[in-house]
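One structure is given here, and the rest of the page talks about it.
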Amino acid sequence: MQSPGQLELNRRDLLVSTAATVAVSAVPAAAQAQNSTGETVQTTRIKLSVNGKPRELEVDTRTTLLDALREHMQLTGTKKGCDHGQCGACTVLVDGRRINSCLTLAWMHENEEVTTIEGLGTPETLHPMQAAFVSHDGYQCGYCTPGQICSAIAVLDEIKAGIPSHVSGDITAAPEATALEMRERMSGNICRCGAYSNIVDAMTDVAGRQA
Amino acid sequence: MKSFSFERAQSPADAAAAAARQPDAKFIAGGTNLLDLMKLEIEVPTHLIDVNGLALDRIEDTEQGGIRIGALMRNTDLAAHERVRSDYGLLSRALLAGASGQLRNKATTAGNLLQRTRCPYFYDTNMACNKRQPGSGCSAIGGFTRQLAVVGVSDACIATNPSDMNVALRALDATVETVKPDGQTRAIPIADFHKLPGDTPHIETALEQGELITAVTLPKPLGGKHIYRKVRDRASYAFALVSVGAVIQPDGTGRFAVGGVAHKPWRVEEAESELSRGAPAVSQRLFADAKPTNENRFKLALTTRALASVVEEART
Ligand SMILES: Cc1cc2nc3c(=O)[nH]c(=O)nc-3n(C[C@H](O)[C@H](O)[C@H](O)COP(=O)(O)OP(=O)(O)OC[C@H]3O[C@@H](n4cnc5c(N)ncnc54)[C@H](O)[C@@H]3O)c2cc1C
Ligand code: SF4
């Protein structure tokens with residue numbers, strides 16, 4: 001059995017069929033091995049789709065989705081900030097919903113579709129939210145930006161889907177993409193540079209074009 | 001994080017039985033509390049039982065005119081559910097006041113019910129903590145106590161239950177449905193679900209080893225105004241210093257529970273009959289046996305004011 005460090009996972013983008021119906025097993029799903037320090041580690045094979053590409057990897061059961069993306073798939077656009085769900089730098093979209101990739105395990109996303117900042121647009125054809133962050137200076141150092149952008153896209157989707165927020169006056173009514181709503185909904189993404197007002201401007205711009 | 005094996009449970013009874021087979025096993029739902037604590041090695045399960053595939057993620061109507069909320073329903077979906085928004089607005093409001101959009105997308109009903117305290121000494125593995133390590137002592141007593149409990153405390157622990165959702169469930173008289181490893185099911189009233197710390201602060205709920213939460217039911221809607229007032233150090237994305245979850249009727253009567261003040265959502269039914277006499281009278285009943293510290297005494301006044309503002313809002 002290989003330990004995670006020995007894997008060259010970029011070359012493993014194969015084998016995964018489109019069948020999303022692989023039966024989940026009721027039997028313990030991990031295998032045991034020893035790492036270089038003699039500690040017993042348990043590993044497991046997972047299949048998931050990342051940015052539209054099927055991926056299959058073997059990971060330590062402890063591997064978070066964030067570490068699987070960064071360390072196993074070299075998708076380092078998604079950032080590790082606090083690693084405790086407090087800062088939002090690790091925000092990605094899973095089956096279209098934003099989550100903190102640091103507080104979830106890779107094997108819990110079997111057959112799911114993960115979208116990271118790398119999957120949203122390319123330098124030549126930016127996603128509208130990426131373009132709006134650029135034109136509104138929605139960042140300074142840029143470290144929190146991938147998480148901010150993933151979150152911002154999901155926030156506009158959540159508003160469109162009618163999901164209320166803490167600041168919605170009437171929670172039975174359809175929410176609107178006001179600055180107040182966006183600020184509240186983005187509170188799980190911390191920006192130490194304080195680019196918040198420009199982020200809201202970028203989102204307002206995109207929301208306006210979508211309306 | 002310590003190494004662990006895992007399995008994906010196929011049915012609720014199967015999950016409970018699996019947990020009973022391995023005493024160091026834990027269920028994992030959203031993982032947003034458990035993994036946080038596993039990274040710090042405050043929780044050290046040797047086996048995880050993934051319950052996400054159990055199809056317990058729906059709301060259904062009960063024969064009594066209420067609703068049954070699946071244990072695995074995500075906090076976002078619960079808060080946004082049409083019936084919850086219109087009939088149990090307090091629950092929607094409390095959920096939306098908690099955590100962040102990302103976290104609510106993962107957090108589940110059962111996980112939220114069972115989320116552990118945010119006492120800073122519980123989180124610091126260098127410090128003594130009776131909850132983390134029974135018998136080791138309590139570093140909070142005599143330490144920094146601003147965020148900690150003012151009522152229902154013991155000499156062993158003064159931690160609070162940090163959940164916003166639990167405050168709403170307590171005011172709404174929820175019932176927690178479970179299945180035990182032997183396949184038996186039971187329904188636990190929310191009032192009996194969370195425990196006061198007493199001499200055993202590590203025992204936080206009425207659940208037995210391996211017992212799985214399958215659903216939470218709410219009785220038929222109460223009508224009235226549903227208000228959740230959360231007071232915290234910043235306007236969003238922070239735990240409550242105090243919170244008040246209330247349902248107030250047009251005649252001024254009502255019911256409420258308070259968060260951030262005790263080891264469980266704090267409700268004193270007798271205090272509710274004082275509502276017509278104003279918030280200070282209510283507070284006096286609510287906190288009759290309070291034992292605040294100098295650092296957290298402010299929570300008494302803050303609760304009184306939060307209550308007054310809730311009563312005021314209900315009138316308008
Ligand atoms: C940065 C941050 C800020 C937060 N802010 C707030 C806040 O302001 N207000 C608030 O209320 N909460 C807040 N939270 C806490 C959040 O609400 C909880 O982490 C979440 O509700 C836990 O749900 P989960 O499904 O992820 O639980 P998990 O982490 O999966 O599980 C938690 C516990 O429940 C057990 N469990 C899970 N499912 C079952 C079941 N079906 N039967 C029996 N046992 C089960 C697990 O074994 C574990 O012990 C915050 C969390 C973070 C990280
Ligand atoms: S208050 Fe409770 S949780 Fe905090 S240190 Fe004391 S025993 Fe531990």
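These numbers come from the heavy atoms of this one structure, side chains and all, not from hydrogens, waters or symmetry mates. In what follows, chains carry the letters A, B, and so on, assigned in the order in which the sequence lines appear, proteins first and then strands, with residues in each chain numbered from 1.
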Straight-line distance of [X] [atom1] to [Y] [atom2], nearest 0.5 Å:
{"X": "B/T76", "Y": "A/I99", "atom1": "OG1", "atom2": "CD1", "value": "11.5 Å"}
{"X": "B/L48", "Y": "A/Q42", "atom1": "CG", "atom2": "CD", "value": "10.0 Å"}
{"X": "B/T32", "Y": "A/H84", "atom1": "OG1", "atom2": "NE2", "value": "13.0 Å"}
{"X": "A/R62", "Y": "B/K39", "atom1": "CZ", "atom2": "NZ", "value": "12.5 Å"}
{"X": "B/Q102", "Y": "A/L103", "atom1": "CD", "atom2": "CG", "value": "10.5 Å"}
{"X": "A/R183", "Y": "B/S236", "atom1": "CZ", "atom2": "OG", "value": "11.5 Å"}

Between [X] and [Y], what is the shortest heavy-atom contact and its length?
{"X": "A/I171", "Y": "B/S92", "result": "CD1-CB, 3.7 Å"}
{"X": "A/G188", "Y": "B/S100", "result": "CA-CB, 3.6 Å"}
{"X": "A/D170", "Y": "B/R93", "result": "N-NH2, 4.3 Å"}
{"X": "A/T104", "Y": "B/K106", "result": "OG1-NZ, 4.2 Å"}
{"X": "A/A173", "Y": "B/R85", "result": "O-NH2, 3.5 Å"}
{"X": "A/T172", "Y": "B/S86", "result": "CG2-CA, 4.0 Å"}

Name the region of [X], side chain, backbone, both or neither, that has any atom closer than 4.5 Å to a heavy atom of chain A.
{"X": "B/A97", "result": "both"}
{"X": "B/N105", "result": "both"}
{"X": "B/A107", "result": "neither"}
{"X": "B/K2", "result": "backbone"}

Compare all side-chain heavy atoms of A/L105 with those of B/M38 and state whether any distance is below 4.5 angstrom.
no
Can you tell which part of [X] gets under 4.5 Å to a heavy atom of chain B, answering side chain, backbone, both or neither?
{"X": "A/T40", "result": "backbone"}
{"X": "A/I190", "result": "side chain"}
{"X": "A/C102", "result": "both"}

When you measure from the side chain of A/T61 to the backbone N and O of B/S5, does any donor-acceptor pair fall under 3.5 Å?
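Judged by distance alone, no pair lies under 3.5 Å.
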Give a yes or no on whether the backbone of A/H166 and the side-chain of B/Y228 come within a donor-acceptor separation of less than 3.5 Å.
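Looks like no, no N/O pair under 3.5 Å.
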Got more than 12 heavy atoms from elsewhere within 6.0 Å of CD, A/E176?
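Not more than 12 within 6.0 Å, no.
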Does CD belonging to B/E82 count more than 12 external heavy atoms closer than 6.0 Å?
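Atom CD in B/E82 is not packed in, count stays at 12 or less.
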Derivation of the side chain to side chain contact (heavy atoms under 4.5 Å, CB included) call for B/M1 and A/D60
CA-CA 11 Å; B/M1 200 186 294; A/D60 188 312; over 6 Å; no
Heavy-atom pairs under 4.5 Å with chain A, option from B/D77, B/I49, B/N33 with the top count
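With the most close heavy-atom pairs to chain A, the winner is B/D77.
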Partner chain B: residue of A/V155, A/I163, A/D83, A/T64 with the largest heavy-atom pair count (under 4.5 Å)
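The residue among A/V155, A/I163, A/D83, A/T64 with the greatest pair count is A/D83.
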